[in-house]
Amino acid sequence: MVSVKTEVASDTYLVGIGVSPGISIGAITLLGHRSMVEDRPIEAADVEAEIERFNWALSQARKQLQEIKETVSRQPHLREHLYILDTHLLILDDEMLVGETERAIREQISCESALTKVLQHLRQMFENIEDEYLRDRQSDVDAVGGRLMRILTGEHERSITDIEQNTLIVAHDLSPTDTMQLDREKVLGFITDKGGRTAHTAILARSLEIPAVVGLETITSLVYDRLPAIIDGGTGVVILNPSKETFTEYLTRKQTYEYLEKELDSFRDLPAITTDKFKVALRGNLELSSEFPLARKHAVEGVGLYRTEFLYLGRSEPPGEEEQVATYRQILEEMQPHPVTIRTLDIGGDKVVSGLTLPREENPAMGLRGVRFSLREGDLFKVQLRAILRASAYGEVRIMFPMISGIVELRTCKRLLCQVQSGLQEEGIDFDPKVKIGMMIETPSAVLLAPFFAEEVDFFSVGTNDLIQYCLAVDRGNEHVAYLYNPMHPAILRALKTVCAAADQAGIEVCVCGEMAAEPLYTIVLLGLGLRELSMNPASIPRVKRVLRQVSRQDGQALLEELLALRTSKEITTCLEQRMRTLLPDIFENALI
Ligand code: PEP
Ligand code: MG
């Protein structure tokens with residue numbers, strides 16, 4: 001298919017999903033479109049030969065992947081991503097791909113046509129998956145399909161390793177394998193039609209610190225080689241054919257961003273302490289071990305939220321006890337001497353795990369999610385609790401239950417935990433008997449009952465992402481009501497105040513681990529609430545720490561009182577922004593915080 005590209009107008013602005021921050025200015029290199037092949041019938045007598053050709057392509061693909069694996073394993077910073085290549089090798093053996101393609105060939109179409117059909121079918125299946133993480137796994141199947149197709153057609157796409165200096169790569173989709181091989185010296189960033197925040201490619205871009213914008217849908221049909229472009233991986237903005245003025249503006253932004261990044265590096269080893277000596281622990285939210293380097297880089301003080309559901313996603317069987325113990329132990333050893341808060345499985349709602357059977361629900365956000373699911377699947381839950389407890393022998397573990405909405409639920413979780421502890425004791429297996437037990441505060445009922453809950457747990461962790469959704473009745477993933485989703489809603493400030501007061505009264509710890517904790521504008525509010533622990537994506541830590549070190553707890557308390565007297569989100573936000581501009585003009589006058 002030949003597509004005719006017209007000249008791109010100067011300053012063509014596009015907005016996609018910014019998945020890896022940073023500004024890059026360069027010239028585009030367009031990597032090949034996905035191969036599509038029309039149906040080509042074959043004779044019945046040729047079927048076996050065609051199947052043989054398909055098997056040959058499979059073995060060639062295996063060989064190529066093994067070779068890439070060997071190259072990658074020689075590069076220490078990429079070694080932890082080897083699992084992606086293993087995933088691709090597994091896909092090459094998958095019945096859905098291999099068996100279905102063979103079946104299609106038996107219907108007398110060519111190997112390429114059969115593969116195209118199967119890939120299209122798989123793509124449709126993936127598109128209907130609600131869970132974003134699983135949906136993003138489509139890119140792995142596409143990558144394997146693309147490799148097989150290239151082998152079969154003998155078509156060699158321009159090699160990703162063979163590109164010019166100062167390149168911005170544009171591709172329909174970039175496979176994780178391609179991303180791993182990007183030459184950081186030459187590639188300044190990438191832009192793709194497809195993609196989502198949690199795709200392996202996005203995760204890799206962040207860990208390799210390559211600015212990236214994904215999900216632009218039609219970028220490959222708009223651009224051509226050597227077209228100048230700018231990408232802002234933080235905001236998701238892409239500017240094609242920038243004018244001289246835009247170029248100058250973004251060059252300044254880029255320099256400011258880089259200066260700021262360097263300056264932020266200087267906060268790495270400084271304590272997170274206010275001007276009136278109020279110490280706040282800044283911990284990391286982690287999902288995968290590939291995030292360790294970033295966590296290390298930003299000196300996280302332990303993990304405030306380990307989302308264990310990521311261990312269960314994208315596989316047909318849930319992880320067994322030994323595998324979980326090994327994973328938790330690795331995190332604990334990595335985070336020594338800091339604590340790691342392991343949240344028990346939080347699936348359901350928008351997170352669907354293929355290996356676990358969940359009923360189809362009318363209203364999944366209010367359905368069988370979080371501990372509700374774990375309590376229904378008691379055996380699965382006990383395996384996880386055993387694994388967490390066993391891991392507690394290797395470092396400071398805290399166990400946390402998600403989506404608690406009533407006291408009985410919490411007590412049932414604790415009772416199960418006690419049973420598991422007794423079992424381990426009887427078996428003479430080591431664990432920390434004083435492991436701290438906590439709960440997420442994510443539902444309005446948990447807020448209202450906070451004083452009761454505080455008497456039954458060692459700590460609270462406020463999941464503002466869900467708390468805002470449930471308190472304001474605003475679906476956190478629905479763009480049509482996104483304008484109502486606001487952490488500065490007066491009801492949310494009151495909810496936070498209630499929770500902090502209850503924790504304070506009972507003398508237990510309280511942390512905020514929702515996205516709100518990562519936003520420097522809100523740091524002073526959280527300080528005013530008395531929070532001594534915030535957990536966030538590690539890359540946000542320097543910005544939050546910078547604010548924290550320049551304000552006092554007293555500033556926070558005074559401002560909070562002022563904000564609590566206001567009645568709308570808009571009034572609160574305006575007042576907060578004004579105060580921050582006065583207090584820290586260097587940071588808040590500048591949009592690039
Ligand atoms: C939250 O709800 O704020 C939270 C941290 O949990 P998750 O984003 O995993 O639902
Ligand atoms: Mg949540």
Side-chain angles (χ1 to χ4, degrees), residues 130-134 136 196-198 203 282-288 291 300 302-313 340-353 358 363-374 384 398-405 409-410 413 438-447 450 453 459-478 482 485-489 491-493 495-496 499-500 509-519 522 525-526 529 531 533-538 540-541 544:
E130 279 181 16
D131 175 56
E132 191 191 354
Y133 181 84
L134 273 186
D136 289 342
R197 259 175 235 291
T198 64
I203 294 165
L282 300 182
R283 310 203 198 281
N285 288 355
L286 290 195
E287 290 83 25
L288 300 164
E291 292 161 312
V300 300
V303 174
L305 169 64
Y306 176 53
R307 290 180 162 106
T308 58
E309 52 276 13
F310 278 77
L311 254 181
Y312 294 67
L313 294 175
V340 174
T341 302
I342 301 181
R343 176 173 77 181
T344 62
L345 185 60
D346 183 22
I347 56 157
D350 61 342
K351 294 178 218 157
V352 183
V353 175
L358 282 163
N363 200 347
M366 305 215 183
L368 195 62
R369 56 164 301 193
V371 283
R372 299 172 187 183
F373 176 81
S374 294
Q384 182 170 40
R398 300 175 182 186
I399 300 182
M400 176 159 78
F401 302 115
M403 269 293 286
I404 297 278
S405 58
E409 246 170 0
L410 174 68
C413 290
M439 62 178 273
M440 299 275 296
I441 302 277
E442 296 176 289
T443 59
S445 58
V447 173
F453 277 124
F459 66 93
F460 284 157
S461 189
V462 190
T464 48
N465 305 340
D466 275 317
L467 184 62
I468 297 169
Q469 138 160 296
Y470 294 124
C471 272
L472 305 183
V474 178
D475 180 346
R476 66 193 254 195
N478 180 340
Y485 190 96
N486 193 333
M488 287 299 105
H489 191 288
I492 300 301
L493 286 188
L496 289 172
V499 174
C500 291
E509 292 170 33
V510 57
C511 168
V512 168
C513 66
E515 286 304 304
M516 183 183 178
E519 176 54 66
Y522 305 144
V525 179
L526 299 173
L529 285 159
L531 282 147
E533 201 179 324
L534 302 176
S535 192
M536 63 198 77
N537 67 73
S540 298
I541 287 182
V544 169

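Both ligands and their constituent atoms are indexed starting at 1 by order of listing.
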Participant: Only one of Leu529, Val510, Val447, Ile492 forms a side-chain contact (heavy atoms from CB on, under 4.5 Å) with Val462, so which one is it?
Facilitator: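 It is Val510, the one option of Leu529, Val510, Val447, Ile492 that forms the side-chain contact (heavy atoms from CB on, under 4.5 Å) with Val462.
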Participant: Ignoring angles and geometry beyond distance, decide whether Asp466 reaches within less than 3.5 Å of ligand 1 through its nitrogen or oxygen atoms.
Facilitator: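 Yes.
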Participant: Counting heavy atoms only, which part of Met516 comes closer than 4.0 Å to ligand 1: side chain, backbone, both or neither?
Facilitator: neither
Participant: Is any side-chain heavy atom of Arg372 closer than 4.5 Å to one of Ser405?
Facilitator: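 Result yes, sub-4.5 Å side-chain heavy-atom pair found.
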Participant: Any N/O of Arg307 closer than 3.5 Å to an N/O of ligand 1?
Facilitator: yes
Participant: Got a sec, which residues hit side-chain contact (heavy atoms from CB on, under 4.5 Å) with Pro487, two or more places apart in sequence or on another chain?
Facilitator: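 So Pro487 forms a side-chain contact (heavy atoms from CB on, under 4.5 Å) with Ile468, Met516, Tyr522.
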Participant: Verify the distance test for Glu442 against the Mg ion (ligand 2): any N/O/S atom under 2.8 Å, yes or no.
Facilitator: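 Coordinating: yes.
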Participant: Holding to side-chain hydrogen bond (donor to acceptor under 3.5 Å, both in side chains), I want the full list of residues that pass it with Glu515, two or more places apart in sequence or in another chain.
Facilitator: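 In terms of side-chain hydrogen bond (donor to acceptor under 3.5 Å, both in side chains), with neighbours along the sequence ignored, Glu515 is linked to no residue.
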Participant: Got a donor-acceptor contact below 3.5 angstrom from the Glu442 side chain to the Met403 backbone?
Facilitator: yes
Participant: Just which atoms of ligand 1 are under 4.0 Å from any heavy atom in Gly463?
Facilitator: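 Selected atoms, number and element: 1 (C), 2 (O), 3 (O).
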Participant: For the Mg ion (ligand 2), find the closest N/O/S atom belonging to Asp466 and write down its atom name.
Facilitator: OD2
Participant: Can you tell which of Val512, Val525, Leu496 makes a side-chain contact (heavy atoms from CB on, under 4.5 Å) with Leu531?
Facilitator: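 The side-chain contact (heavy atoms from CB on, under 4.5 Å) with Leu531 is passed solely by Val512 among Val512, Val525, Leu496.
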Participant: Please determine if Glu309 has a nitrogen or oxygen closer than 3.5 Å to a nitrogen or oxygen of ligand 1.
Facilitator: no
Participant: Salt bridge check, Arg283 against Glu509: does any charged N sit closer than 4.0 Å to a carboxylate O?
Facilitator: no
Participant: Does ligand 1 have any atom that is closer than 4.0 Å to a heavy atom of Gln469?
Facilitator: no
Participant: Can you tell me which portion of Met440 lies within the under-4.0 Å heavy-atom range of ligand 1? Options are side chain, backbone, both, or neither.
Facilitator: side chain
Participant: Against heavy atoms of Leu305, which atoms of ligand 1 measure under 4.0 Å?
Facilitator: 5 (C)
